[in-house]
Number of protein chains: 2
Amino acid sequence: MADINSSAKKPAATVAEGGGMTQTGGDAAWDIIELLFFAYRDFVGDPDEVLLKYTFGRAHHRVLHFVNRNPGMKVADLLDILNITKQSLGRVLKQLVDQGFIVQKEGEQDRRQRLLYATPKGEALSHRLAQLQTERINRAFGELGPGAHEAARRFLTAMIDADNREGVLRLIARADRAKTRS
Amino acid sequence: MADINSSAKKPAATVAEGGGMTQTGGDAAWDIIELLFFAYRDFVGDPDEVLLKYTFGRAHHRVLHFVNRNPGMKVADLLDILNITKQSLGRVLKQLVDQGFIVQKEGEQDRRQRLLYATPKGEALSHRLAQLQTERINRAFGELGPGAHEAARRFLTAMIDADNREGVLRLIARADRAKTRS
DNA sequence: CAAAATATGTCAACATGGCTGACATAAATT
DNA sequence: AATTTATGTCAGCCATGTTGACATATTTTG
């Protein structure tokens, strides 16, 4: 996973309390660094508990998620998204296929491809896991005022590497279209 | 790390594009789920490269970060924050101590305690890693308008388990005070 | 068509960083 | 004096990442 970071003796201070007072000069993001760590930890913690019952881990979760969101995606595309080696992917993918959560279909144009699809069973699990996370997110947006969703979306987008940013947005938009018309 | 999630056939759609149009009913957080995944991946990716040169991993990063932010913290406190076993902590902590990034001092009141402190060397590394992440964060806040920091802070805070939330905020506030007066 | 490139899978070995269980030691508490 | 607490340590297991070497089927190219 990942981490937080820290340190430096001279933060401009007055950052992590309650009111406003942001942007003290340019370096005072300790609060964001740590909040991101704790928020992400809890965010991924919800699904973890469910996954335990299936002898699955986070790796399975990630695979199932993206396959379900992008029906018919190529193995190579999945590797790009997950940023892992095909050997690592192969291990968890095989388990998901063997246990009937994902199926692979030969590509029609290119028969070397093994296009990936979530089975109804896989879709159900993926949805159940997503539901947990969606509940946390919507609860947060409920606590904050309207506009919170948009603000979070903009913040998270701006945190992504500028190179990938467009690709990520395209991926999300494409997945939305794919799942919407079904 | 953790994961994203996905699925469900009937998202209210029209979420991940460009304009406004949020909150379509209550369940449409797929964009946030995936953006959080990619944002966090890039966020922790920066330090990873630096850590490679030290034969350190993310585990070391986390330990060094919190020790540096909370000088003199007890081992037990660190275990609570990281949410790992003492055996897991012991492994990376030992390496950080052996290589001179962290020192342990006997507690004055309770001499069973081994209070943790970052050495100047440890502080330097911690700061260097934090700087990378701070740059990403400040770049993001620069792209977005003013108020972005505050909005991100509120969003991330609301994403934390309600139970821990106060404790986390106290921890961050305390760390800020500790590092500020130095 | 034959040769090369591509998409995918697989075997083997290794590293990191989680985990459990069992003990050990010193210091504080009862 | 007995117990509890704070910490450390040994040993082994598991999940998930890595590299390197091949194998197979299919498409693309010269």
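Naming convention: chains lettered A, B, ... in sequence-line order (proteins, then strands); numbering from 1 in each chain. Source: prediction; values computed, not measured.
In the hydrophobic clustering of this structure, A:Leu115 does not group with A:Leu96; members are Ile, Leu, Val, Met, Phe, Trp, Tyr whose side-chain heavy atoms approach within less than 4.5 Å, directly or through other members.
Here A:Thr85 reaches the OP1 or OP2 of D:dT18: one of its side-chain N or O atoms lies under 4.0 Å away. OP1 and OP2 of C:dG17 both lie 4.0 Å or more from every side-chain N or O belonging to B:Ser88. At the phosphate of C:dG17, OP1 or OP2 sits under 4.0 Å from a side-chain N or O atom of B:His60.
As rounded to whole Å, 14 Å separates atom C1' of C:dG18 from atom CD of B:Gln95. Remark: C1' of D:dC14 and CG of A:Leu52 are 13 Å apart, rounded to the nearest angstrom. The separation between A:Arg58 atom CZ and D:dT16 atom P is 10 Å, rounded to whole Å. Spacing between atom CG of A:Leu96 and atom P of D:dT16 amounts to 10 Å, rounded to whole angstrom units. Rounding to whole angstrom units, NZ of residue A:Lys105 and C1' of C:dA7 are separated by 18 Å. Atoms CG (B:Leu115) and P (D:dA6) sit 12 Å apart, rounded to a whole Å. Rounded to an integer number of Å, the gap from A:Tyr54 OH to D:dC14 C1' is 21 Å. Atoms NZ (A:Lys94) and C1' (C:dT8) sit 14 Å apart, rounded to a whole Å.
Nearest-nucleotide positions on DNA chain C place A:Gly90 closer to the 5' end than the other of A:Gly90 and B:Arg111. Closest-nucleotide positions on DNA chain D for B:Gln87 and A:Phe56 were compared, and the one nearer the 5' end corresponds to B:Gln87. Nearest-nucleotide assignment on DNA chain D puts the 5′-proximal partner with B:Lys86, out of B:Lys86 and A:Asn83.
Using a 4.0 Å cut-off between charged side-chain N and carboxylate O, A:Glu123 and A:Arg128 make no salt bridge. A salt bridge links B:Arg136 with A:Asp161: at least one charged nitrogen is closer than 4.0 Å to a carboxylate oxygen. Of the charged side-chain nitrogens involved, none lies within less than 4.0 Å of a carboxylate oxygen, so that B:Glu143 and A:Arg154 do not count as a salt-bridged pair.
On a pure distance criterion of 3.5 Å, a polar donor-acceptor pair joins the side chain of B:Arg91 and the base of C:dG18.
Across all strands, A:Gln109 comes closer than 4.0 Å only to sugar-phosphate atoms, never to a base (heavy-atom distances). Among the heavy atoms of the strands lying under 4.0 Å from A:Gln104 are primed sugar atoms or P, OP1, OP2 only; no base atom is included.
With C:dG17, C:dT8, D:dG8 as the choices, the nucleotide that has an atom nearest any side-chain atom of B:Val75 turns out to be D:dG8. Nearest to the side-chain atoms of B:Arg62 among the listed nucleotides D:dT27, C:dT20, C:dG18 stands C:dG18. Comparing D:dT18, C:dT8, C:dC19 by their nearest atom to the side chain of B:Ile84 picks out C:dC19.
Distance CZ/B:Phe43 to CG/A:Leu36: 4.5 Å, rounded to 0.5 Å.
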Verify salt bridge (charged side-chain N to carboxylate O under 4.0 Å, His left out) between A:Arg139 and A:Glu135, making sure each step is shown before the conclusion.
CA-CA 6 Å; A:Arg139 178 174 49 64; A:Glu135 279 163 16; over 6 Å; no
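The neighbour count for B:Glu166 CD, taken as heavy atoms of other residues, nucleotides or ligands under 6.0 Å away, does not exceed 12.
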What protein N or O atoms touch nucleotides 3-6 of chain C N or O atoms at under 3.5 angstrom, if any, and at what distances?
{"residue": "C:dT6", "atom": "O4'", "partner": "A:Arg112", "partner atom": "NH1", "Å": "3.4"}
{"residue": "C:dT6", "atom": "O2", "partner": "A:Arg112", "partner atom": "NH1", "Å": "2.5"}

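Using a 4.5 Å heavy-atom cutoff, the side chains of B:Phe101 and B:His60 are not in contact.
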